[in-house]
Engineer: 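I have a structure here, written as structure tokens, and I will follow up with some questions on it.
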Amino acid sequence: MIRTGLFVLLVLFQSAVLFSGSPESLMDKANKAYMNESYLEAAELYEQIVDMHLESEVLYYNLGNAYYKSGQYALAILNYERALRLNPSGEAIQHNLRLARLRVGERSEPMPRLFFVEWHDSFIKLQSADGWAITAVVLVIFLSFGVALFFIYKGRVQKQIIFALSLMLLFGLLTSLYAANRQYEKHYMIMEAIVMGPRVTAKSAPSESSVDVFVIHEGRKLKITGEINDWYEVRLPDGNVGWIKKTAAIVI
């Protein structure tokens, strides 16, 4: 009887420990810490959830806010960027990302782009890769119905209307597949990183003895175009290319 009681107590204790470390429990604790203005504690708890290989737009957004409130603006930018990858059209995320970038100060501007390129990118950002994929699946279903109705109906006018609608659905399907592919390439094939150090000097080659080519400041986003050993080859939005140590930046 005593052994049974001890066993039950042990199971209850282990369950309590496991529950206290569950993502839901950690999220609740982190949110409470944030509300109590314990921003560093909140960030640490959010990071524990990230370490469980779990991710969500809300998690990265809250983590970015916690780092922003604690004055760690580069880490705030990193997590806002990660949130944007899951929800490219998130207005609150974009707003806070702009505020964080203002805190670190932009030292250079991206190269100007043609208006139709801006329109193209804005359209692609309307949804994530998963969102565009779901849209494509829905359009495939409607297109299948359209094709079926085309063969069912015999009237010429009805066939013309159905054919026209089916062409529109086909165009929407191809557009959705294109957008999904672009979002996938951008977020999973193209590596980008955020500079963590207050001042990072890019080199002309992956060597400490090579020539300094330009300086990158904290919070800047870089495109990683190559890597050798402990070095990343990076490209800035303004077109500058150089090499930095991997420890100087964190991949988004």
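The model shown is predicted, which means the values in this text are computed figures rather than measured ones.
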Engineer: Pairs under 3.5 angstrom only: tabulate donor-acceptor contacts from the side chains of residues 67-77 to other protein residues two or more places apart or in another chain.
Structural biologist:
residue : atom : partner : partner atom : Å
Tyr67   : OH   : Glu47   : OE2          : 2.7
Tyr68   : OH   : Arg103  : NE           : 3.2
Ser70   : OG   : Ala66   : O            : 3.1
Ser70   : OG   : Tyr67   : O            : 3.0
Ser70   : OG   : Gln72   : NE2          : 3.2

Engineer: Between Asn36 (side chain only) and Ser38 (backbone N and O only), is there a donor and an acceptor less than 3.5 Å apart?
Structural biologist: no
Engineer: Hey, does Met196 have a side-chain heavy atom less than 4.5 Å from the side chain of Glu218?
Structural biologist: no
Engineer: For Ala83 and Glu57, work out which heavy atoms get closest and say how close.
Structural biologist: CB-O, 3.8 Å
Engineer: Does some side-chain heavy atom of Tyr232 sit less than 4.5 Å from a side-chain heavy atom of Val251?
Structural biologist: yes
Engineer: Within 45 degrees of the axis of the six-membered ring of Trp231 and under 6.0 Å from its centre: does Lys245 put its NZ or CZ there?
Structural biologist: yes
Engineer: Taking C-beta and beyond as the side chain, do Arg82 and Leu63 meet within less than 4.5 Å on heavy atoms?
Structural biologist: no
Engineer: Report all side-chain donor-acceptor pairs from residues 163-176 shorter than 3.5 Å, counting only partners two or more places apart or in another chain.
Structural biologist:
residue : atom : partner : partner atom : Å
Ser166  : OG   : Ile162  : O            : 2.8
Thr175  : OG1  : Phe171  : O            : 2.8
Ser176  : OG   : Gly172  : O            : 2.9

Engineer: For residues Gln158 and Tyr153, report the shortest heavy-atom separation together with the two atoms involved.
Structural biologist: OE1-CD2, 3.3 Å
Engineer: Got a sec, which residues hit side chain to side chain donor-acceptor pair (under 3.5 Å) with Ser122, two or more places apart in sequence or on another chain?
Structural biologist: none
Engineer: Provide the closest heavy-atom pair for Ala248 versus Ile244 in the form atom of the first, atom of the second, distance.
Structural biologist: CB-CD1, 4.5 Å
Engineer: Side chains of Lys32 and Tyr34, heavy atoms from C-beta outward: is any pair under 4.5 Å?
Structural biologist: no
Engineer: Which residues, ordered by chain and number, are linked to Phe145 in its hydrophobic cluster, where ILVMFWY side chains connect at heavy-atom gaps below 4.5 Å, directly or through other members?
Structural biologist: Val137, Ile141
Engineer: Would you say the side chain of Lys221 lies within less than 4.5 Å of the side chain of Ile252, judging by non-hydrogen atoms?
Structural biologist: yes
Engineer: Taking all non-hydrogen atoms of both residues, which atom of Leu86 and which atom of Ser56 are closest, and how far apart?
Structural biologist: CD1-C, 3.4 Å
Engineer: For Glu55, which residues count as a side chain to side chain donor-acceptor pair (under 3.5 Å) partner, sequence neighbours excluded?
Structural biologist: Tyr60
Engineer: Report yes if some heavy atom in the side chain of Leu236 is under 4.5 Å from a heavy atom in the side chain of Leu222; otherwise report no.
Structural biologist: yes
Engineer: What do the steps show when you test Ser128 against Gln183 for side chain to side chain donor-acceptor pair (under 3.5 Å), and what is the final call?
Structural biologist: CA-CA 6 Å; Ser128 64; Gln183 283 287 58; over 6 Å; no
Engineer: If I take atom CD from residue Glu192 and atom CG from residue Leu78, how far apart are they, to the nearest 0.5 angstrom?
Structural biologist: 11.5 Å
Engineer: Does a sphere of radius 6.0 Å around CG in Asp212 hold more than 12 heavy atoms from other residues, nucleotides or ligands, not counting ones at 6.0 Å or beyond?
Structural biologist: yes
Engineer: Does Ser210 reach the main-chain N or O of Ser207 with its side chain, forming a donor-acceptor pair under 3.5 Å?
Structural biologist: yes
Engineer: Does Tyr46 reach the side chain of Asn79, with side-chain heavy atoms less than 4.5 Å apart?
Structural biologist: no
Engineer: For residues Leu126 and Ser89, report the shortest heavy-atom separation together with the two atoms involved.
Structural biologist: O-OG, 3.4 Å
Engineer: Mind checking whether His95 and Arg98 have side chains closer than 4.5 Å, heavy atoms only?
Structural biologist: yes
Engineer: Write down the atom of Ile49, the atom of Met27, and the distance for their closest heavy-atom approach.
Structural biologist: CD1-N, 3.6 Å
Engineer: Just jot down the ring pair (Phe, Tyr, Trp, His ring centres under 6.0 Å) partners of Phe123, sequence neighbours excluded, or say none.
Structural biologist: Trp132
Engineer: Return yes when atom OH of Tyr39 has more than 12 non-hydrogen atoms of other residues, nucleotides or ligands closer than 6.0 Å, and no otherwise.
Structural biologist: yes
Engineer: Is Lys29 paired with Glu41 through a side-chain N to carboxylate O contact shorter than 4.0 Å?
Structural biologist: no
